[in-house]
J.: 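Could you have a look at this structure, given as structure tokens, before my questions?
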Amino acid sequence: TNKPLHLGHLRNNFLGDAVSRILEASGYTVQRVNIVNDRGIHICKSMIAYDLFGQNETPASAQIKGDHLVGNYYVKFDQAYKKQIAELVQQGMDEETAKKEAPLMVKAQELLNKWEQGNQEVIDLWKKMNTWVYKGFDETYGKIGISFNKIYYESDTYLLGKDIVEEGLEKKVFFKEEDGSVWADLSDEGLDKKLVLRSDGTSVYMTQDLGTADMRYNDFNFDKCVYVVGNEQDYHFNVLFKILKRLNRPYADGLYHLSYGMVDLPSGKMKSREGTVVDADDLIAEMILTAQSQTEELGKIEGFTTQQASELYHILGIGALKYFLLKVDPKKRMLFNPEESVQFQGNTAPFIQYTHARIAAIVRKADELGISYQNKKDFETVVTLEPAEQTVIGILSEFPRKLAMAANTYSPSVIAQYVYDLAKEYNRFYTEVPIFNAPDPQTLSFRIAFSAVVAKMIRVNMDLLGIQVPDRM
RNA sequence: GGUCUCGUAGCUCAACUGGAUAGAGCAACUGCCUUCUAAGCAGUAGGUUACAGGUUCGAGUCCUGUCGGGAUCACCA
């Protein structure tokens, strides 16, 4: 792609990462794979705008991340393009024709053709600008702790799948129209006919996805393959999976589309072209800044080095952001209100992280006092449990079932909700039941051990979400 | 228009896949720091689960219809 990451991408990446972690914890070996759309007319638009207005600007000279720089040229193209359309319409051309015949669009098409023909000059510029974009993405992915085992580029894969079209024709899964275009007819399953190859013999999205499905199976020989893709592509994946099934692919039954809902703003849907998107880098920076100001306001960084403090702000800010996007059922669309969504109280990551930090303080103190709590015999005669302790233990015992549910439904929100309930209930214990003023040494040992177990479970669950927990905050 | 999807407190979300009195947070109000971190805890108030039928011993959850939001139905990806 040629546009910077936004909030929707964050939901996508956090979901993919968390689901990977949950499946790993459930015994699967997981390969995280990303597909980068690095070719097509949209890239050409950025390239043209750069050619026209760029004056050899680079991310270094402009002091701006590469993905933002390239994204800005995409916007510049669109502005100039719209102007040209308006002028043509003014001269009496109808809008549809104007959109196609505006000089800039014609130029972009020419550029795409040159790219496909391997024109060296075009390829060089394309590579240069792509490198900037990837570097920008790497920086963002680094900040949010997301990584992949393998990255596929569409410039390498966009010609795949044509052999499968041939195979499908032989197997009568596809049929050919008079103009030479090839289609899949799924009308007997309540779906429409779907184009799989253009009349000029070039591929479309479906062709490519048929090819990449085979490629991924050859690369990884997977039992399951989870596509984390937004729900606006439900129909596409429905068709894709049905076609692969009809082609008797051995892996067809293991394919799953983790279809997640869009992130809406109070003003409505995010639209890149209209600039109504929440930029990922801006949001990340804002979350970290908010974490900093909240922490300083509460005066909680006594004894922290500058380095430690900035690490804490990062853990809190990124954690709050991840948790906010993961606590909601993936299937559902969700609303992001910039004014209200950046919160650190209530059902948020900082609340859970705070609970962990308090327990860590208790454990530190116990260790300093030399209190023994690591062995069962330290407290095995304790039988009376406070109500709050009983409730917490009940929650702890639910973990295996919750993990299984999260894995089966590909739903990190199950884990998020669970760890919140655990922290919430522990906090009740924390205020109601004294620990260091426990009535006897064995109860004291038990309550410390009990707290340590809760801290461990908080850490384990937050780790499933890809969220770190601090020992002090 | 066809298909899919959603509609739960003022707002954002839960409800363990059909079980008992529908739960949290935010916002509002009331208390609690001389005691382990108040980013916390306790409490008050807030609901005819869009609406109308149906299935069931039992429905927010299942079926039908209506209304309302969203997505999709490209020789774009």
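Order of the sequence lines sets the chain letters (A, B, ...), proteins ahead of strands, with each chain counted from 1.
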J.: Just call it for A:Ile362: base, sugar-phosphate, or nothing, with non-hydrogen atoms closer than 4.0 Å on any strand.
T.: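 Result for A:Ile362 = sugar-phosphate.
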J.: For A:Ile435 and B:C36, give me the distance from atom CD1 to atom P, rounded to whole Å.
T.: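 Distance check: A:Ile435 CD1 to B:C36 P gives 11 Å.
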J.: Base, sugar-phosphate, or nothing: which does A:Asp234 touch, judged by heavy atoms less than 4.0 Å apart?
T.: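 Answer is nothing: A:Asp234 stays at 4.0 Å or more from every strand.
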J.: Is there a donor-acceptor pair under 3.5 Å between the side chain of A:Lys242 and the backbone N or O of A:Leu186?
T.: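 No, because the side chain of A:Lys242 does not come within donor-acceptor range (under 3.5 Å) of the backbone of A:Leu186.
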J.: Looking only at side-chain atoms of A:Tyr430, point me to the closest of B:C75, B:A39, B:A38.
T.: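 For the A:Tyr430 side chain, the nearest candidate turns out to be B:A38.
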J.: Give a yes or no on whether a donor-acceptor pair under 3.5 Å exists between the nucleobase atoms of B:C75, that is its base, and the side chain of A:Asp179.
T.: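 Yes, the side chain and the base share a sub-3.5 Å donor-acceptor pair.
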J.: Give none if B:U8 has no partner; otherwise give the nucleotide forming a Watson-Crick or G-U wobble pair with it, both distances under 3.5 Å.
T.: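 Looking at the geometry, B:U8 pairs with no nucleotide.
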J.: Looking across every strand, which nucleic acid part, if any, lies under 4.0 Å from A:Thr348 by heavy atom: base, sugar-phosphate, or nothing?
T.: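 No contact.
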J.: Side-chain N or O of A:Asn427 versus OP1/OP2 of B:C41: is the shortest distance under 4.0 Å?
T.: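 It does, given that an N or O in the side chain of A:Asn427 lies less than 4.0 Å from OP1 or OP2 of B:C41.
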J.: I need the CZ-P distance between A:Phe429 and B:C36, as an integer number of Å.
T.: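 Rounding to the nearest Å, CZ of A:Phe429 and P of B:C36 are 15 Å apart.
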J.: Looking at B:A71, which nucleotide sits across from it as a Watson-Crick or G-U wobble partner, both distances under 3.5 angstrom, or is there none?
T.: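 When the pairing criteria are applied, B:U3 turns out to be the nucleotide that pairs with B:A71.
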J.: Roughly how far apart, to the nearest Å, are B:C29 and B:G65 at atom P?
T.: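 One P to the other, the span is 47 Å.
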J.: Under 3.5 Å for both donor-acceptor distances, Watson-Crick or wobble: does B:C33 have a partner, and if so which one?
T.: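 B:C33 is unpaired by these criteria.
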J.: Would you indicate what A:Glu154 reaches in the nucleic acid, counting non-hydrogen atoms under 4.0 angstrom: base, sugar-phosphate, or nothing?
T.: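 Answer is sugar-phosphate: A:Glu154 comes under 4.0 Å of backbone atoms only.
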J.: Write down the partner of B:U44 under the Watson-Crick or G-U wobble criteria, each distance required to be under 3.5 Å.
T.: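 Partner of B:U44: B:A28.
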J.: Can you check the distance between B:C13 and B:G18, where both ends of the measurement are the C1' atom (answer in whole Å)?
T.: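 B:C13 and B:G18 have their C1' atoms separated by 22 Å.
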J.: Among residues 287-313 of chain A, which contact RNA chain B at a heavy-atom distance under 4.0 Å?
T.: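 Heavy-atom contacts with RNA chain B come from A:Thr295, A:Leu298, A:Lys300.
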J.: When A:Ser259 is tested against each of A:Asn238, A:Asp234, A:Asn231 for side chain to side chain donor-acceptor pair (under 3.5 Å), which residue passes?
T.: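 Per the side chain to side chain donor-acceptor pair (under 3.5 Å) rule, the option paired with A:Ser259 is A:Asp234, out of A:Asn238, A:Asp234, A:Asn231.
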J.: Can you tell me, in whole Å, how much space there is between the C1' of B:C67 and that of B:G53?
T.: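 Result for the C1' pair: 15 Å, nearest Å.
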J.: Has A:Glu95 got more than 12 heavy atoms of other residues, nucleotides or ligands less than 6.0 Å from its CD?
T.: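 Counting other residues, nucleotides and ligands, CD of A:Glu95 stays at 12 neighbours or fewer.
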J.: Can you tell me the distance, in whole Å, between the NZ atom of A:Lys327 and the P atom of B:C26?
T.: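 Rounded to the whole Å, the gap is 10 Å.
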J.: Show, in sequence, the C-alpha distance, side-chain angles and deciding distance for A:Tyr323 and A:Gln353, and conclude whether the side-chain hydrogen bond (donor to acceptor under 3.5 Å, both in side chains) test is met.
T.: CA-CA 11 Å; A:Tyr323 188 87; A:Gln353 290 165 321; over 6 Å; no
J.: Suppose we call two aromatic rings close when their centres sit under 6.0 Å apart. Are A:Tyr73 and A:Trp132 close by that rule?
T.: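 They do not qualify: ring centres at least 6.0 Å apart.
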J.: Quick check for you: among B:A14, B:G69, B:U37, whose closest atom lies nearest to any side-chain atom of A:Arg358?
T.: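 Side chain of A:Arg358 sits closest to B:U37.
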J.: Let me spell it out: for each of A:Asn437 and A:Pro350, pick the nucleotide of RNA chain B with the closest heavy atom. Which residue's pick is nearer the 5' end?
T.: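 Closest to the 5' end, via its nearest nucleotide, is A:Asn437.
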J.: Is there side-chain contact between A:Asn13 and A:Phe148, with at least one heavy-atom pair below 4.5 Å?
T.: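 Yes, at least one pair of side-chain atoms sits under 4.5 Å.
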J.: Can you identify which nucleotide, out of B:A39, B:C36, B:C26, has its nearest atom closest to the A:Phe436 side chain?
T.: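 Closest nucleotide among those given: B:C36.
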J.: What does B:G58 pair with, Watson-Crick or G-U, if both distances are under 3.5 Å?
T.: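 The answer is none; no pair meets the criterion.
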J.: Considering every strand shown, what is the Watson-Crick or G-U wobble mate of B:G53 when both distances are under 3.5 Å?
T.: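 Looking at the geometry, B:G53 pairs with B:C63.
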J.: Which whole-number value in Å describes the distance from A:Met105 CE to B:C76 C1'?
T.: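 Atom-to-atom, A:Met105 to B:C76, this comes out as 11 Å.
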J.: Where does the angle between the aromatic ring planes of A:Tyr134 and A:Tyr153 fall among parallel (under 30°), tilted (30 to 60°) and perpendicular (over 60°)?
T.: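 The rings of A:Tyr134 and A:Tyr153 sit tilted, inter-plane angle from 30° to 60°.
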J.: Do A:Arg216 and A:Asp209 sit within salt-bridge range, that is, some charged N less than 4.0 Å from a carboxylate O?
T.: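 Looking at A:Arg216 and A:Asp209, the cut-off is not met.
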J.: So, is B:C73 syn or anti if syn means the angle is within 90° of 0?
T.: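 Classified anti.
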J.: Determine if the base of B:U17 is syn or anti; take syn to mean the glycosidic torsion is within 90° of 0.
T.: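 Syn, which is what one calls it when the glycosidic angle falls within 90° of 0.
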J.: Whole Å only: how far is the CG atom of A:Leu265 from the P atom of B:U12?
T.: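 Rounded to the whole Å, the gap is 13 Å.
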J.: Expressed in angstrom and rounded to an integer, what is the separation of A:Gln353 atom CD from B:A38 atom P?
T.: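 So the CD-P distance, A:Gln353 to B:A38, works out to 17 Å.
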J.: Quote, to the nearest angstrom, the C1' distance that separates B:A14 from B:U49.
T.: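 That atom pair is separated by 13 Å.
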J.: Expressed in whole Å, how much space separates the C1' atoms belonging to B:U48 and B:G60?
T.: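 After rounding to an integer number of Å, I get 12 Å for this pair.
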J.: Take atom OH of A:Tyr205 and atom C1' of B:A77, then tell me their distance rounded to the nearest Å.
T.: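 Rounded to whole Å, this separation is 6 Å.
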J.: Is there side-chain contact between A:Pro412 and A:Leu464, with heavy atoms separated by less than 4.5 Å?
T.: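 They are not in side-chain contact.
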J.: For B:U17 and B:G10, measure between their P atoms and round to the nearest Å.
T.: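 28 Å, rounded to whole Å.
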J.: Taking the C1' atom of each, how far is B:A42 from B:C6, in whole Å?
T.: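 Approximately 36 Å lies between the C1' atom of B:A42 and that of B:C6.
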J.: For atom C1', what is the distance between B:A15 and B:G23, given to the nearest Å?
T.: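 After rounding to an integer number of Å, I get 7 Å for this pair.
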J.: When you measure from the side chain of A:Glu232, which nucleotide among B:A71, B:G25, B:U37 comes out closest?
T.: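 Ranking B:A71, B:G25, B:U37 by closest atom to the A:Glu232 side chain puts B:A71 first.
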